[in-house]
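Fair warning: this is a prediction, and the values are worked out from it, not measured in the lab. Proteins get letters first, then strands, A, B, ... in listed order; numbering begins at 1 in each.
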Amino acid sequence: MNDEQRKLLSGEVLEEDIELTLAELCQACHVTTDDIIEFVEYGVVEPRGPEPARWRFRGVSVKRIRSARRLERDLGVNAAGAALALDLLEEIEWMRSRLHRFEDW
Amino acid sequence: MEYKDYYAIMGVKRDAPQDEIKRAYRKLARKYHPDVSKEPDAEARFKEIGEAYEVLKDPEKRTAYDQLGANWKAGEEFRPPPNWDQGFEFTGGFSGAGAEQFSDFFESLFGHGGFTRDFGRGAQREFHARGEDTYAKVVIDLEDAYQGATRTLTLKHTELGADGRPRIKERTLNVRIPKGVRQGQHIRLANQGGAGIGRGEAGDLYLEVEFRRHPLYHVEGKDVFLNLPVAPWEAALGATIKVPTPTGKVDMKIPPHSTGDRKLRLKGRGIPAKEPGDLFVVLKIALPPADTEADRSAYREFEQVFEFNPRTGLGV
């Protein structure tokens, strides 16, 4: 099958276009609602909405939860530790990016 | 296949006690975990460490592995001697990822039996499940984010052949890269992930977008930065300069009395979005070289005319 015949696939940008409900997030990350509630409690993800039934999560939550689960599984970190690690990693990423700005010249 | 020296991989001696091995694993796992590590080969190292620990942490497997003898060197051509594991019964499955993720070396020693049994031809139950979500990276140029683009990707994945053994399969996809996508964002392609089991639908494919390093521009989020060399007289006296941007050349006015590292903002010329980012042009004063006598003479005259001490603030 050459390039033209192959169908052109389009997708949504997780971080921009997508907002998930609690159920959708459970399915996307293969976790239970109790797991998500714990993650929310410790700040791994922060939904908008007054209660679990009306929670709406930004697409980036999928990435954070998958990361938190890997940290728990592989490094023995609990939810509180994972939330801290993810925030610090985000800050480091931003700093690295900013640093590159001054290294190129 | 090559012999793998699990003790060397974990950085422990062959007679290390179990708790030392556990400590070594924790330290290495933290260092090379792909979510945390910036080492270039983190993912490969993490897998290697995981495999080594899988064997050394289990006294049964460790003893069996030791039976091979201490004379093998890492990387040597290796074939397990017949009946090398006589008397050992490996209880329990594998923690974490399935055995398909381990090396050929591991497979040849510990992989027989356990893995294929689970997916053996004998399975009678009908079983339906949604396929796994899979993840891959797509590298694009900055210009692709400005205009959108199409990319052709070839992805490899492991699946079980008819004989129950894992094998690598390739597939090629044509993917639309949407305009305005940013570094690190993910494009979700519905049902392009792992095949479903039975009547289960396929999982999704998440593509992480990475920008190729650009020779001219530096990207931070939505904003784009350009280092613009200017001559000293252009900065001091002001000038109108042609400047490259990702969407074409523009004329830009450099105000007089500009100093080095001054940032000039071209609003809205960053990555497109409802609120587009900006393009920041950073002035870098470039000195003409003093190669000929005429050049040097010009500089000396410069020095005479200006009576300029850049170090007055330093008290010297």
- Output the option from B/R176, B/R26, B/R30 having the highest count of non-hydrogen pairs under 4.5 Å with chain A. B/R176
- Part of B/A190 lying under 4.5 Å from any heavy atom of chain A: neither
- Message: If I measure from the heavy atoms of chain B, does A/L75 come under 4.5 Å with its side chain, its backbone, both, or neither?
- Response: side chain
- Measure distances from B/V175 to the heavy atoms of chain A and classify the residue's part below 4.5 Å as side chain, backbone, both or neither. both
- Answer whether the closest heavy-atom distance between the side chains of B/L264 and B/L228 falls below 4.5 Å. no
- With only heavy atoms counted, which part of A/I18 is less than 4.5 Å from chain B, the side chain, the backbone, both or neither? side chain
- Message: Please classify the contact between B/V36 and chain A as side chain, backbone, both or neither, with a heavy-atom cut-off of under 4.5 Å.
- Response: both
- Under the 3.5 angstrom rule, does the side chain of B/Y146 hit a backbone N or O of B/R269 as a donor-acceptor pair? yes
- Note on the structure: Cut-off 4.5 Å, heavy atoms of chain B, and the answer for A/A28 is both
- B/Q183 versus chain A, the contacting section by heavy-atom distance below 4.5 Å: neither
- Item | Residues B/D41, B/K47: salt bridge by 4.0 Å N-O rule | no
- Note on the structure: Greatest number of non-hydrogen atom pairs under 4.5 angstrom with chain A, of B/D35, B/I187, B/D204, falls to B/D35
- Query: Between the main-chain N or O of B/T172 and the side-chain N or O of B/T154, is there a donor-acceptor pair closer than 3.5 Å?
  - Reply: no
- Check each atom of A/R66 against the heavy atoms of chain B and say whether the ones under 4.5 Å are side chain, backbone, both or neither. side chain
- Whatever's closer than 4.5 Å to a heavy atom in chain A on B/H33 counts as side chain
- Identify the heavy atoms of B/D58 and B/E54 that sit nearest to each other, and give their distance. CB-O, 4.0 Å
- Would you please classify the geometry between the B/H214 ring and the B/Y217 ring as parallel, tilted or perpendicular, with 30° and 60° separating the classes? tilted
- What's the verdict on salt bridge (Lys or Arg N to Asp or Glu O under 4.0 Å) for B/R23 and B/E20, showing C-alpha distance, side-chain angles and the deciding distance? CA-CA 5 Å; B/R23 260 180 284 128; B/E20 190 181 314; 5.4 Å; no
- Just say parallel, tilted or perpendicular for the rings of A/H100 and B/H218, cut-offs at 30° and 60°. perpendicular
